[in-house]
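These figures come from a predicted structure and were not determined experimentally.
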Amino acid sequence: MTNFLDKPLKEVLENTKEEISVREWMWNFFLEKSGHDTLKAEEEMLPWLEEKDIEILNFIQKNSK
């Protein structure tokens, strides 16, 4: 079974054709938010690795452009 974070973003969001994975989208989001500080981005990303799929989806829907 594929981890939700490894699914292509286009499979979990109807409004995108992005080929990147959910994990990549989240990493890019946190990296940009932190001003490209990888340590801060990692700190923000780590809790999401244990989060429920629905919570991740809600976060992406709320924060996607």
Q. Just wondering, are more than 12 heavy atoms of other shown residues or ligands nearer than 6.0 Å to CD in E51?
A. yes
Distance (rounded to the nearest 0.5 Å) between [X] [atom1] and [Y] [atom2]:
X: E55; Y: E50; atom1: CD; atom2: CD; result: 14.0 Å
X: L13; Y: E18; atom1: CG; atom2: CD; result: 9.5 Å
X: N3; Y: L49; atom1: CG; atom2: CG; result: 8.5 Å
X: L9; Y: M26; atom1: CG; atom2: CE; result: 10.5 Å
X: W27; Y: E44; atom1: CH2; atom2: CD; result: 10.0 Å

Q: State, to 0.1 Å, how close L5 and W48 come at their nearest heavy-atom pair, and which atoms those are.
A: CD1-O, 4.2 Å
Q | Check: S64 and T16 side chains under 4.5 Å, non-hydrogen atoms | A | no
Under 3.5 Å donor-acceptor pairs involving side-chain atoms of residues 34-41, not counting sequence neighbours:
from: S34; atom 1: OG; to: F30; atom 2: O; distance (Å): 3.2
from: S34; atom 1: OG; to: L31; atom 2: O; distance (Å): 3.0
from: S34; atom 1: OG; to: D37; atom 2: N; distance (Å): 3.2
from: S34; atom 1: OG; to: D37; atom 2: O; distance (Å): 3.0
from: D37; atom 1: OD1; to: L39; atom 2: N; distance (Å): 3.0
from: D37; atom 1: OD1; to: K40; atom 2: N; distance (Å): 3.2

(Q) Under the rule for side-chain hydrogen bond (donor to acceptor under 3.5 Å, both in side chains), what residues qualify as partners of E24, not counting sequence neighbours? (A) S21
**Q.** Among D53, I56, D6, L57, side chain to side chain contact (heavy atoms under 4.5 Å, CB included) partner for V22
**A.** I56
Q. W25: what forms a ring pair (Phe, Tyr, Trp, His ring centres under 6.0 Å) with it, not counting sequence neighbours?
A. F29
